[in-house]
Amino acid sequence: MTLPFAIIAGLTVGSAIAAMSLRNLVHCALSLVLTFAGLAGLYLQLNAEFVGFTQILVYVGAVSILIVFAILLTRSTEPKDEPATVTPWIGIAVAISAFLTMALAVLASPVGKRAASPMGEVSVKTLGQKLMTDYVLPLEVMALLLTAAMLGAVIIAMKDKEGSR
Amino acid sequence: MTPLSGYLLVSALLFCIGLAGALTRRNAIMVLIGIELMLNAANLNFIAFWRFSENPETMTGLMFAVFSIAIAAAEAAVGLALIITIYRHFRTANVDQVEEMKG
Amino acid sequence: MLGTGILKGMLETAKNFAGSYHDPARLTTVEYPEQRIASKENARQFPFLVHDTEDPMKGLRCVACQICEKECPPQCIYIVKSKDKRADYKGQMQLYPVTFDIDLSVCMSCQICVEVCPFESIKMDTEFELSNTDRFGGLLVNKHQLAKSNDHYRKIHPSEAAASDAALAVEVAKAQAKAKADVEAKAKAAAEAKAKADAAAAATPVGAVPSAPQPSSPATGPAAAPAA
Amino acid sequence: MAELFAKLDALPVTLKHLLMGLLPGATPEWLVSVVSAVLTITPILAVFPLMFALTTVIERKGLGRIQNRIGPNRVGIPLTDIRLYGFGQFIADGIKSLIKEDVVPRAADKVVHFLAPIALLIPVLLTYSVLPFGKSMVPLDLPQTGLLFFFAVGASTELSVFMAGWSSRNKYSLLGAMRAIAQMVSYEIPLILSSLTVVMITGTLSLTAIVQSQSGVHFGFLHNWHLFTPWGLVGFFLFLTAAAAEANRTPFDLPEAESEIIAGYFTEYSGFKFAIFFLAEYLGLFAMCGLGITLFLGGWLPPLNIAPLTWIPSWCWFLGKLSALIVLFIWLRGTLPRLRTDQLMAFAWKFLLPMTLINLVVAALWYLLRDSLPLYARWPLCFAMLAVPYWLLGRGFEAKFTKREYRYA
Amino acid sequence: MPLETLEQILARAGAAVPGAQLSLVKNDSPCAQHSLAVDVEHAYAVAQFLRDDPQLRLDYCSNVTGVDYLDAELSEKVKVKKLVDGVEKEVEEVKKTQRAGYLEAVYHLYSMALKHGPVILRQRTPGRADPVRVTSLTPLWRSAEFQEREVFDLYGVLFDGHPDLRRILMWDGFKDYPMRKDYVEPDDYEYEPTPHDEVLARAKAHQAAQEVGA
Amino acid sequence: MDAPANRTVQSVGQGREGELLEVAMGPQHPSTHGVFRMDVVLDGETVVKLKPVFGYLHRNHEKIAENTSYLGSMPYTDRLDYFCSLSNNWAYALSVEKLAGLQVPERAEYIRLITAELTRVLNHTCLAGFLLQDMGALGTPLMYAFREREKILDLIESLTGARMMCNYMRFGGCRCDLPPGWLDEAKKVVAEYPKFLDEFDALLSGNEILMARTQGVGKLSAELAISAGITGPMLRASGVDYDLRKVDNYGIYSRYPFRVPLGDHGDVYDRYMIRMLEMRESLKILEPALNDIPDGPVVDPKAKLRGFRPKPGEAYGRIESPKGELGFHLISDGSPNPYRYRVRPPSLINLTILEDMCLGQTIADAVITLGSVDIVLGEVDR
């Protein structure tokens, strides 16, 4: 385990914990952004530059903004909005047991010890070519999904506005 | 170089943090954030397994991650639109208080 | 076509940008402490008191009539009359102000005090650099600070001062004429009385002719002013 | 002679190598890379903030002249009469903002309020790491993802704006942040799409490669800059428009519209934090202009491949082009009023977006026809294909307002 | 189109609004802008008549003023025919009458359509004791909205039927009505060493009183 | 039939209280032209409620006037609408002349007309600059306007001695005669003014952004405008032909033919353009008036400066000030002080329907609508 990895991983996990545990929702969202950025750093370490920068562009630039807007629009910034849950321990227990299971599996598996094979830079050109050849069907489906999601989001938000008038 | 297990452990941790959050928090937005975290943990797995695979040139994991990010973005947009709609209707974003689902 | 109006506007600003370098009519700014615009002849800032003699306090034209104090819309003038009298420029015995204060922080430069003053004694100054660190006392000016010579008045408002001087000269001339007439009348009366007395009692010896005092003309009085 | 100029061109690089050579041989590798990084970053951190400082003065002087005023011309060397034409102003401003009281509203979220300006400045500075400032002068050459890096990092400034606006607990701040985010998100799309034409034609995301691809010459004099193609010309203006909106410049300065919402998201910032916002805003503008130069104006290439022009160092060309664009933005600022929120959005979605999409198609056509049609035929054809939609879309906007005739009683 | 005389208007308005007590108020100044006084109960109907009558069409209410008249002893010179030494002569006598104070709201009405005016309408209150009520004409002329609020603010006249009768120039917590003739300045002098010793003395006394009170 | 009162506050914001944002714009806000406040309720950026709040500058001018002589109020009228003190002077002088039955000499009438029209040009020039400033043009139009205003202010200063607080007119005339050479300077300024107007037109009147921002914004119907007592350019922008210079024929306006421009839409653009056109008409009055001015006294010799006591009675005098109908209602009881002194402030009354114009539009529109109303807080608050 190298030092950069340790720093980034620690940052990612720590901010993820903060994102799930802070009272103020905007603070949660901001911690979440830090998690996303940390993940992008991990991707870069894994030589996945394209995915790493896409992660920043999409998550930091778009998804987090959406979340923040939703928080503001639903007036959830005030902590009073959220009463303490009745049974937080059940959820936490489930999560811890799940983690233990996975960690045991990972540590036991021989795959985990595998070292990375040397490789050249991933060219964006090849990635694009693959998208247009091998993965053209998923790409089309994705385009359809995005269009549908956009239309759906717009219609959901619009219908209610008219209904309230 | 960090071995694969390091990335997998981080991924597992993130997944479980997201899970815990989604299960314990009552605010719909926080639930969504938890789900986003879990998705990202999965993404990290894809990338890590791709990088440590025998033949990274095939780019399968990478492709999967790209698609996954796109789906996550769409999911977030629709999910948040729903939350806002629900908030407008019920005046709350708390999932427990939103019980009746008649329009 | 979209954008033509914007392009026209940009051309206009470009013209102004270039013009500000070679066309002095465009650039109206003055770099103040070094460059100054000559103040207009009619310009008015705050009032001052005109005096005629070397000693400002002795030559104040103000006779403490308190008309300005009464007419001042924001009530910023404060006058205390003297108990004694002294001769004014015409030689008449008049009161004079013991205290004459103007609160410049209240004064609104309206010039009504100047207009209502029947003695041409309060005028508007063009001094405007009055910034002061003392908010109250610094702008409350007394008669020593207010007194400025007639020459100063001639310098800042030449034509107005000329008219004022002329009016005063007329007044002085009138006063002198009146005094002269008084003297003559008195002399005449005295002469008549004398004649009567002579006629009545020719035997009595001739008494001294009552001598009337000559009006003392002020040294730098308005009568001496050059008629512009 | 030419060699001398080539040396001058490579001066910054040579200097860095010289300094690196001073390190003792036994220096560990990580220290070498740290020193190398520092030596790369320092000039950027020196040149661009200095440029910002000078721009603030030039902008005020330029606006002053446009408005028939003199502008700042007083501050020079203290205790002397030397005035330096007012160019000491930025130092005075800097000192003032440093020693000014830092007011934080009582209700503000102190931590986020403190972090926001930093979170804004860092991504903006990061964008400079991929810009090629001169021949072989790029701090971080990302051959596969250069442009993507620029946009990814640039996109994260939105969050800092939100942090600033939200943490101030001020309604104007919040309104300003909402406006800023909506505006940045909307204009990012035309910005990226107009840049994509270049990526499509050159087939690379590397900014160095994009500059290199513009180095040819047509007819012996016309440079091969993308600006001189129809799609590049239109793309450049679309890019500039979107960049102005991204950088909150007039006529798109709604997030800080002082007549409506005071100063937008940094209403509650004072002193040095305010200065950082100011700095970040201008650095963002410079970075945008730098990208525009790289993509469309041939980066650090001289306009003509003639001897005296090629002697001037490449980084001078870059800075010169940058200054020209900055002057253009100052000029615009001195002329135009501001748009309204809905008009801003309508302009992005109903005008810029269709135009960029059409521009993409035209660029593709330009590429496909490169062998079958000669340049003099291809150019007018492609230009007409862009001019007609421009006219039609413009008509759509102009239908909403007209010059009016007035009657007299 | 010239405006008919005030007497004609009075007669027609009186006919149109039965029960309205209209009277003519003479104005002695050279401009001779006489006015029409109307009782509070019928003010709205009369005003509506003035606005809608096709010959008048006073669609524009230019100015709304409040005026305060204190209780006063009026001395009037009246020419009385009297028998003086057996001959009937006109003799001037000073007649003294006690007038009860009242507040009034004055409306200057013009017509934008016919371009004539002004017709001045006055509503007088019976006395000065609070509450002083008159009828709001804001429903007829929007322009009266702020001006009636101002009269309320400065004179304390209540306008019945005003949609939004709040203070307009003074702050909401202010209690008195500053434009009334018997208004007394509150004693909250800021210390300012002005030449007016009187003010200074009062301010000092006030401050001393404050200190004692504290 | 009731006056049109299109209040739709309740219907717009109903049931969405949680999402509405209440903003108190002012009293210290860059666009409120002084200490003025708009209590705005916003739905996003849309205005659903707007209440103007003023009085921050209130000094009870009317009460002060009741405690000072007739002449003593003259300098206070300067401070009502401090852009157009000469118009205010005229309105007050006119009212007192009506009250006391004074005559004004011919030369003084000319001077009054000239100064009033210069003031109108000055006011409209500044308004155009301020309006564009509100619209976000970074000072450029405002500076051009100020550059031209400076020339007129110089004229006014050399005539009256002060740039803004002129205190120039007197009952039955003017305070002093024109200084030598003044007419020539004035002629020069008037002759050069159209050049500036053309420049301003080139800079802005055809600008797409300006048109997009102002057309259809802050609409005001003619019926509502009449009912709400709107006067001045704002009324004429709504298409109502009512200009006191024509209606009342005060002064010597009847001697000069000038046209009254009328708008058809009643929006901010019309208000802006009407003012631009009115300036050109004012210049058409000024040019011949500066040539025609006769010799003679400038003040009625019968008018008394001290001890002025009009007979008991009352008078309402009004003029077309640049902002609208400026009237003074005076009641005299025979004493040296007016018994009742009332200002009919056009700025205040033109604000009555601010909310009606702004509802349903964005906050940016509210700002420029307020700008197009052309208020001066000295006059609103008095």
Side-chain angles (χ1 to χ4, degrees), chain A residues 1-2 5 9 12-13 16-17 19-20 25 28 32 35 39 42-43 46-48 51 54-55 58 62-63 66-67 70-71 73-74 76 81-82 85 88 91-92 94-95 98-99 102-103 106-107 111-117 119 122 127 130 135 138 142 145-146 149 152-153 156-157 160 164, chain B residues 1-10 12-21 23-27 29-30 32-34 36-37 40 43-44 47-48 50-54 56-57 59 62-63 65-67 69-74 76-78 80-85 87-89 93-94:
Chain A
M1 211 155 74
T2 57
F5 172 79
T12 313
V13 173
I17 292 171
M20 297 308 338
L25 257 64
C28 294
L32 184 72
T35 315
L39 275 167
L42 288 178
Y43 295 166
L46 290 166
N47 290 32
V51 181
T54 313
Q55 164 92 5
V58 172
V63 172
L66 277 179
I67 290 174
I71 290 172
L73 284 176
T74 56
S76 309
D81 198 62
E82 195 182 7
T85 44
I92 291 171
V94 167
F99 173 68
M102 282 190 277
V106 167
L107 291 175
V111 185
K113 311 282 182 299
R114 188 195 287 166
S117 45
M119 58 171 287
V122 184
L127 206 137
K130 288 223 168 195
Y135 294 93
M142 184 62 58
L145 176 79
L146 282 175
I156 288 172
D160 194 73
S164 78
Chain B
M1 181 101 189
T2 317
L4 177 57
S5 58
Y7 292 99
L8 294 185
L9 278 177
V10 170
L13 250 176
L14 282 181
F15 185 87
C16 295
I17 293 165
L19 184 66
L23 288 177
T24 53
R25 299 298 289 251
R26 299 293 83 185
N27 191 308
I29 296 171
M30 288 307 291
L32 199 87
I33 290 179
E36 283 295 329
L37 264 183
N40 269 280
N43 258 358
L44 181 59
I47 303 275
W50 160 75
R51 181 66 189 84
F52 287 87
S53 67
E54 309 278 312
E57 278 74 30
M59 290 190 185
L62 205 61
M63 283 297 173
V66 169
F67 284 122
I69 287 175
I71 290 176
V78 175
L80 291 169
L82 274 173
I83 289 172
I84 291 169
T85 314
Y87 173 77
R88 284 196 177 146
H89 196 83
N94 190 320

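So that the names make sense, note that chain A is the first sequence line, chain B the second, and so on, each numbered from 1.
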Test side-chain contact (heavy atoms from CB on, under 4.5 Å) on L32(A) and I67(A) and set out the steps. CA-CA 10 Å; L32(A) 184 72; I67(A) 290 174; 3.7 Å; yes
For a side-chain contact (heavy atoms from CB on, under 4.5 Å) check, start with the C-alpha distance between F52(B) and L46(A), then their side-chain angles and the critical distance, and finish with the verdict. CA-CA 9 Å; F52(B) 287 87; L46(A) 290 166; 3.6 Å; yes
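Within the 4.5 angstrom heavy-atom criterion, only side-chain atoms of T35(A), from C-beta onward, approach chain B. The part of V58(A) that comes within reach of chain B is its side chain, from C-beta onward, which places non-hydrogen atoms under 4.5 angstrom from that chain. For a residue to count as touching a neighbouring chain, one of its non-hydrogen atoms must lie under 4.5 Å from one of that chain's; by this rule L37(B) touches chain A with the side chain only. In this structure, chain B has heavy atoms under 4.5 Å from both the backbone and the side chain of A103(A). For L42(A), the parts lying under 4.5 angstrom from a heavy atom of chain B are both the backbone and the side chain.
Between F5(A) and Y7(B), the ring planes are perpendicular. Angles over 60° get that label, and only those under 30° would be called parallel.
The shortest non-hydrogen separation linking L19(B) to A98(A) is CD2-CB, 4.3 Å.
In terms of non-hydrogen atom pairs under 4.5 Å with chain A, the most contact-rich of L4(B), N40(B), I47(B) is N40(B). No other option in L8(B), L14(B), V10(B) has as many heavy-atom pairs under 4.5 Å with chain A as L14(B). For the set T12(A), V63(A), T54(A), L127(A), the count of heavy-atom pairs under 4.5 angstrom toward chain B peaks at L127(A).
Here A77(B) pairs with L66(A) under the side-chain contact (heavy atoms from CB on, under 4.5 Å) rule; sequence neighbours left out. With sequence neighbours excluded, the residues that form a side-chain contact (heavy atoms from CB on, under 4.5 Å) with L107(A) are L9(B).
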